[in-house]
Amino acid sequence: MHEVWGIAALWLGLALIATLLSLWFRIATALSEIVVGTVAQLLIGAFFGRSLSAGEPWIVFLSGAGAIVLTFLAGAELDPDVFKVKWKEATVIGVIAFFAPFLGCAALAYYLLGWSSQASWLAGVALSTTSVAVVYAVMLELGLNKTDFGKAVLAACFINDLGTVIALGLIFAPFTIKTVIFIVSTIVVLVFLYYITPRFFKRYGNRPSELEAKFLLLALFGLGSLAIWSESEAVLPAYLVGMVLAGTVGKDHALIRRLRTLTFGLLTPFYFIRAGSYVSVSALFAAPFALFVLFMGKMLTKGIGVYPATKLYKYAQKEAVYTTLLMSTGLTFGSISALFGLNHGIITQAQYSILVAVVIGSAVVPTLIANAFFIPHYLLPERKDEDKK
Amino acid sequence: MLKKILVAFDGSNQSHKAFDFALELARRCAGAEEGPEVTVISVAQPPELSEIVEMDAVIDNATNYYKGLHAELVKKAAEKGIKIETDILVGHPADQLIRCASEKKADMIVMGQRGKSGISGWLMGSVSKRVTTYAPCTVTVVK
């Protein structure tokens, strides 16, 4: 038993280091944890000839729970009122923003890199996501989150990510009677949760026994189990539950804060460090061409998908470029997709490493470019006026 | 002469000094006429590349933190007979200060210099340097 506590201490020590690094460098904790996981695995392997024990069942559980709860919280960030008003535009932009990199990157992986069809589809899925947070940050900085355009683009990001989780949940699952049972059961549970949850919480919630967290975890783990049983992915129902409960549970700030504590304090460090520990640095050095192709593929297809949409709304040139640049790959769904592929034998460890590196690169590089060349000149009203002219 | 003063406030000792300087400046400028408007701006800065859940958590946390500090500043200013406004923005501190100064047509930005350098300074740039370079008005950096 002492080994279990020792490994737990090691992982939480790594999580602590990752958190400190994220504070010093002002970067996302998820990114920091992935990198720390990769470096720790490399060092422990080189000096002690051991692994980080990422395959231990309890680590797999904590890691999986992290992905599920984080995905639920991401879905719960949706603003249903915004979506109701702008659902047409959001759906059009979101579907384009999903399909352009999804099909483009899958085609590049298949035709140019010679990956298998399954591995190519997975590459498409992993690189199809958009970081809602990065787009939201841009909207907040520019004060566009209250404009029609901003609302439509934000809602579109959720549609984009919904496309990713649906693709991940259904493309790789063999369509059998189990799939039908999973889909029908999920729909029934979602309807049930939509109507029952607010009333149930109102009657029994807000007590120290944390009934809300137990209820939500029951729903998420139950649907997750059903998803895995049907050979789908547990994050699919989690994201849907989050979206369905966004207007009720999502607006309960105290509950969301408590769930965040559980998620960031214990669960997600295990998920992201584990995701990082499977990255093979030697595989990255061995395949610079694959890295370059998928990275450029992601950038170009994203540009092709998003830039025309921004121009459709008569956006000023610099705003359009800035927004397009920052519609980066989401670390969460990108890494979840890649890890799903690795765990199910769809991709090799080398392909996994390339995908994770591209997911990180396609988030880091555009942000650095955008920050270096578009801010702060771009934010000055005089310059904005010039652009509009 | 001075009609609108923006004070950059992040809760640090240097930003407290900047606030005191702005209050003193406003008091001296007042004379017989109405003094300049003083607006305290704090910026919640989400980490780069964060996911929506983490970003929302950071904004939520920073908003609560600054609300408490702003209440103290309002009280302190009221004791000196000066009425101030406060606001919490989201984004890169330098960019938001510049943007806010432009929108409010501020005559001066008063800010503290924290002297932070190293890797984060290299990556993100010094806030005071960025503001003094691009601000549309006079910038006073309090040391």
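Since we're looking at a predicted model, the values are computed, not measured. The chains referred to below are lettered A, B, ... by the order of the sequence lines, with proteins before strands, and numbering in each begins at 1.
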K.L.:
So what's closer than 4.5 Å to chain B heavy atoms on A:Leu31: side chain, backbone, both or neither?
P.N.:
side chain

K.L.:
Within the 4.5 Å heavy-atom criterion, are A:Leu70 and B:Val53 side-chain neighbours or not?
P.N.:
yes

K.L.:
Mind listing the closest non-hydrogen atom pair of A:Ala28 and B:Pro47 along with its distance?
P.N.:
N-CB, 3.8 Å

K.L.:
Less than 4.5 Å apart, any side-chain heavy atom of A:Leu73 and any of B:Glu54?
P.N.:
no

K.L.:
Is B:Asp60 close to A:Arg260 at the side-chain level, that is, under 4.5 Å between some pair of heavy atoms?
P.N.:
yes

K.L.:
Please state whether the side chain, the backbone, both or neither of A:Leu23 comes within less than 4.5 Å of a heavy atom of chain B.
P.N.:
neither

K.L.:
For chain A, which candidate among B:Ala57, B:Pro46, B:Gly91 shows the most heavy-atom pairs at distances under 4.5 Å?
P.N.:
B:Ala57

K.L.:
NZ of B:Lys80: more than 12 outside heavy atoms within 6.0 angstrom?
P.N.:
yes

K.L.:
In this structure, are over 12 heavy atoms from other groups packed under 6.0 Å from B:Lys17 atom NZ?
P.N.:
no

K.L.:
First locate atom NE2 of A:His253, then atom CG of B:Asp56, and finally report the distance between them rounded to the nearest 0.5 Å.
P.N.:
8.0 Å

K.L.:
Is B:Leu89 close to chain A through its backbone or its side chain, or both, or neither, when contacts mean heavy atoms under 4.5 Å?
P.N.:
neither

